[in-house]
Structure formats: structure tokens, C-alpha cells
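Encoded as C-alpha cells, the structure appears first; notes follow it.
One-based numbering, in listed order, for ligands and for the atoms of each. Since this is a predicted model, take the numbers as computed values, not measurements.
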Amino acid sequence: MSAGVQVRLATSHDVDAVLAVHRAAAVTPGGLARAPEEISRAYVEQAIGAPGAVSFVAVGPDGAIWGEIHGRRESVALFSHVMSNLTVAVHPDRQGLGVGSRLFEALIGHARTMQPPILRIELAAGAGNPGAIRLYERLGFQHEGRQVARGLYPDGHFEDDILLGLLL
Ligand SMILES: CC(C)(COP(=O)(O)OP(=O)(O)OC[C@H]1O[C@@H](n2cnc3c(N)ncnc32)[C@H](O)[C@@H]1OP(=O)(O)O)[C@@H](O)C(=O)NCCC(=O)NCCS
């Protein structure tokens with residue numbers, strides 16, 4: 001299904017396209033933590049280019065960026081074998097085609113080659129995002145805990161965060 005989709009490392013030339021994908025994905029509540037108006041150019045520039053950051057994009061056969069994933073090595077020495085701050089977004093028109101899985105495979109494969117080694121990848125998902133949690137489970141992430149009432153939506157309802165980790 002995602003045949004014809006190329007996954008490659010992101011560059012600074014991808015900022016506008018990545019911004020557009022994240023904003024489009026953020027329009028649907030219950031997925032990305034940030035609302036569309038919180039997804040700024042500076043946020044994407046950091047996601048792609050901050051020290052220790054790793055970002056992959058999925059480019060469709062039409063040449064457009066269909067999805068992006070990023071994570072970052074922890075900067076504190078004690079945690080520097082950990083990749084965290086993980087976020088993935090696939091354009092709503094391209095979800096369910098295997099693009100998210102491909103992005104994860106690229107990120108995990110890259111993490112395995114990083115020096116000094118990355119030994120752990122961690123992420124959090126809203127409890128109301130079972131599709132994403134299923135994807136993480138299938139990739140081998142283990143449930144590590146639950147942060148109660150971590151999210152508070154504008155309508156006043158709370159959502160727990162589910163913590164997941166993958167040991168490499
Ligand atoms: C979650 C997301 C990255 C998955 O990417 P994708 O390309 O749709 O995923 P894939 O096609 O590789 O499918 C893998 C799994 O993702 C889940 N999934 C598929 N479409 C989905 C959708 N529209 N919304 C949520 N999860 C979905 C399913 O569990 C699927 O596995 P299944 O086919 O066994 O049910 C993507 O749907 C997305 O960008 N959602 C909005 C943003 C978001 O929720 N990000 C994660 C925050 S923790």
C-alpha cells in the first residue's frame with residue numbers, strides 16, 4: 001500500500017512541507033498533542049535540526065511529503081542512551097496506508113546505528129488514541145505506565161497518557 005513511498009532523512013528544505021503535514025494531522029482532535037496553531041515553524045525547525053534530533057519524512061509518488069517522524073537524544077548524560085520527544089504525523093488523506101509504520105521502521109533502524117548507542121526509545125500516547133497505541137504495540141513497544149489526567153481538553157475533559165518504551 002505504501003509502495004512507491006520513499007522514506008528519507010529530513011532536511012531544512014522540508015520545513016514548510018512538514019509544517020503543513022503536522023498542522024493537517026492536528027486538525028483531528030485526539031491524535032497529536034499540539035493544536036494546529038501551536039505547530040509553529042520554530043517547532044518544526046527544532047524537530048528537524050536541534051542537537052541530537054532525528055527526523056524522517058515519507059515522500060509519496062506525487063513528490064509530496066505524506067508524513068514525518070522525529071525524536072531526539074536526551075541531552076543529560078545519564079539519559080543520553082534514550083531517544084525521546086517522539087512525534088509522528090501522517091497527512092489525514094494518507095493515513096492507514098502503512099506510511100506511519102514505514103516511518104517508525106526507518107527511525108528505529110537509524111537509532112540502532114547511532115553512536116553512542118541509543119538503547120531505548122520512549123513515547124507517550126493519549127489513551128483516546130487506540131489506533132496509534134496498537135501501532136506502537138505491533139512495533140514492539142511495551143506499556144510502562146499511565147499518567148492520569150495528563151491532558152486537559154478545551155471542553156474540560158481530561159485524558160490519561162499511556163507511556164510506552166522500546167529497548168533496542
Ligand atoms: C498514528 C499515525 C501516525 C499512524 O500512521 P498511519 O500511516 O496511519 O499508520 P499505518 O497505515 O502504518 O497503520 C498502522 C496502524 O496505525 C493505526 N492507524 C491507522 N490509521 C489510523 C488513523 N487514521 N488514526 C489512528 N491510527 C491509525 C492502526 O492501528 C494501524 O494498524 P492496523 O492496520 O493494524 O489497525 C497516523 O494515523 C496519524 O498521523 N494520526 C494522527 C496523529 C497521531 O495520532 N499521532 C500519534 C500521536 S501519539
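- No donor-acceptor distance shorter than 3.5 angstrom exists from the side chain of Q147 to the backbone of D161, with no hydrogens or angles considered.
- Salt bridge absent: R23 and E38 never bring a charged side-chain N and a carboxylate O closer than 4.0 Å.
- With sequence neighbours left out, Y153 forms a ring pair (Phe, Tyr, Trp, His ring centres under 6.0 Å) with H157.
- Remark: the E74 side chain and the H81 side chain contain no N/O donor-acceptor pair separated by less than 3.5 Å.
- Applying the ring-ring contact (aromatic ring centres under 6.0 Å, His included) definition to pairs two or more places apart or across chains, those involving residues 33-59 are Y43-H70, F56-H110.
- Under the rule for a side chain to side chain donor-acceptor pair (under 3.5 Å), the partners of D160 that lie at least two apart in sequence or sit in another chain are R146.
- Protein residues with a heavy atom closer than 4.0 Å to ligand 1 are G31, L32, V88, A89, V90, Q95, G96, L97, G98, V99, G100, S101, A124, A125, N129, G131, A132, R134, L135, Y136, R138, listed by chain and number.
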